[in-house]
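If you scroll down you'll find the structure; I have some questions about it.
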2 protein chains.
Amino acid sequence: MSAEPVTGDPGAAPRTERQQLGDQSRRRILDAAGQLMAERGYAGTSISAVSARSGLPASSIYWHFRSKEGLLAAVIEDGALQWFAGLPNPAELDAPPTERLAQMLVHVGEALEDRPEFLRLLLLISLERPDESAASLETVRRVRGYARAGLRAAIEAELAARRIPADDATLDTLARFSLAVADAVFIAAEIEPGDTDIPALFRVLAATLPAAAEAATRRRA
Amino acid sequence: MSAEPVTGDPGAAPRTERQQLGDQSRRRILDAAGQLMAERGYAGTSISAVSARSGLPASSIYWHFRSKEGLLAAVIEDGALQWFAGLPNPAELDAPPTERLAQMLVHVGEALEDRPEFLRLLLLISLERPDESAASLETVRRVRGYARAGLRAAIEAELAARRIPADDATLDTLARFSLAVADAVFIAAEIEPGDTDIPALFRVLAATLPAAAEAATRRRA
DNA sequence: CGTCTTCTGGAATGATCGTTCCAGACACAA
DNA sequence: TTGTGTCTGGAACGATCATTCCAGAAGACG
């Protein structure tokens, strides 16, 4: 039986020289596909284009990934891993408590500027493939769930430091709002590059959240 | 010579019965193409799919529109026209000055819920087709320019009513921020429908802008 | 009536799509 | 050495792609 390398993770098995070469090919395919899909969407990216950019024949793509759909899932999974790995650990920030949120948002903004491909891919996939049964949408949701949880924790800490009370529902809404703003700022920058000041928009967000929390709490009372 | 109906506007010429039938076909094609492109993106929408949904043969599509690209441009143009026409005229709102902005945002939110197809198409096209020379991107920018101008006027009026000073640059940033939030809320609703409370997020935005304006002005001083 | 314009129907084009097949190249274990 | 699993190269498949062509239906106009 052949070795089904079509699975997502290479596992922890010892790798022969030949297999390591295959791993490199797999990576080149992932990178090429990630770039292309982020540029032109899923439907707009052909296997032959991935083949051309990666320098590997179509048969290699199909040996490493089950299908075009499987390739997409792997690209999303891999992209998320890399993107989050590039963010600094929020627990290690040495800023005073009332500035941690702002600092974290700055880091997110920088990541958006430095490595926009992944978020672009995520948004494109979310909008382009609303098939109920698409497994990739599930991956997208999971990735966004992580991001939302991180934002929520940062917001909670910030509000606590400022002695602003906030119940769970309010925190949830604020985290969703912040994630939405991150999407939005990114999109604005995509549509009108050079005309969009990403840090400025993130500063607006940071300046804004405490007041929003107070307003929400007041409304709830 | 044949009559080149491939142009966007039917003009003001008197229409014969045969021509009116053609106009109906044109509309059916535009509607079908708009739906499909909003669902699956430009690359994901085939002429044969448009033909199937509209009930007209491919040759009719090519008679009414120069090419697939031309069809896209017409769809965007037409969609923008319809979408803005569905919004109430801000000058006619009868709310007190300090609530006009909130009311306007509510209307925008409702429009997003009622007729999401157009914004979905706009975002999809913006992200999917980053070709420098794409004429459709120009249309997208123009449409967003209108929206931004409307938001800016509403924000300016709101701040004046609240006696919060704001210079041009601040107003511009706030308008961009608000437009971005509108995008974002829409996207969040697309990705996690039923899990996203659109009015709540728009209330956060409305509650947020005066504080943001004050913060921005303070920073600039 | 016949001619013109407008629009539709359907077949056809070559290109490209996703996917498969299979012969080999190459590193390992025996 | 002789397999055996791992991966690549390239040709090939039918399906579908955007687009074109042309015959003809049918109202308009004389």
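Letters go in sequence order (proteins before strands), and every chain restarts at 1.
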Run the side-chain contact (heavy atoms from CB on, under 4.5 Å) test against Ala49(B) and tell me which residues pass, sequence neighbours left out. Leu36(B), Arg40(B), Ser46(B)
Could you check whether Ser51(B) gets within reach of a base, just the sugar-phosphate, or nothing at all, counting any heavy atom under 4.0 Å? nothing
With a 4.0 Å cut-off, would you call Asp31(B) and Arg26(B) a salt bridge? no
Could you state the CD-P distance from Gln20(A) to dC28(C), rounded to the nearest angstrom? 9 Å
From OH of Tyr62(A) over to P of dA12(D), roughly how many Å is that when rounded to an integer? 19 Å
Starting from C1' on dA18(D), measure out to CE on Met37(B) and report it in whole angstrom. 12 Å
Kindly point out which of dT8(C), dC17(C), dG18(C) is positioned nearest to the side chain of Lys68(A)? dG18(C)
Report all side-chain donor-acceptor pairs from residues 110-119 of chain A shorter than 3.5 Å, counting only partners two or more places apart or in another chain.
unit_1, atom_1, unit_2, atom_2, d
Arg115(A), NH1, Trp83(A), O, 3.4

Gln24(B) CD to dT6(C) P, in whole Å, measures 18 Å
Looking only at side-chain atoms of His64(B), point me to the closest of dT8(D), dC7(C), dA18(D). dC7(C)
Residues which pass salt bridge (Lys or Arg N to Asp or Glu O under 4.0 Å) with Arg203(B), listed by chain and number, not counting sequence neighbours: none
To check you understand the geometry: which heavy-atom pair defines the closest contact between Ser126(B) and Leu122(B), and what is its length? OG-O, 2.6 Å
What is the separation between atom CZ on Arg40(B) and atom P on dT16(D), rounded to the nearest whole Å? 13 Å
Just how far, in rounded Å, is C1' of dT19(D) from CG of Leu72(B)? 17 Å
Nearest to side-chain heavy atoms of Ser46(A), which nucleotide of dC17(C), dC7(C), dA18(D): dC17(C)
Separation of dT8(C) atom P from Trp63(B) atom CH2, nearest Å, is 8 Å
OP1 or OP2 of dA18(D) under 4.0 Å from side-chain N/O of Ser67(B): no
Mind checking side-chain contact (heavy atoms from CB on, under 4.5 Å) for Ala184(B) and listing every partner two or more places apart, or none if nothing turns up? Ala180(A), Ala184(A)
Sorted by first residue and then second, give each side chain to side chain donor-acceptor pair (under 3.5 Å) pair with at least one member in residues 146-156 of chain B; sequence neighbours left out. Glu192(A)-Arg148(B), Arg152(B)-Asp168(B)
Within residues 53-60 of chain A: residues closer than 4.0 Å to DNA chain D (heavy atoms): Leu56(A), Pro57(A), Ser59(A), Ser60(A)
Find the distance Ile47(A):CD1 to dT19(C):P and express it as a whole number of Å. 6 Å
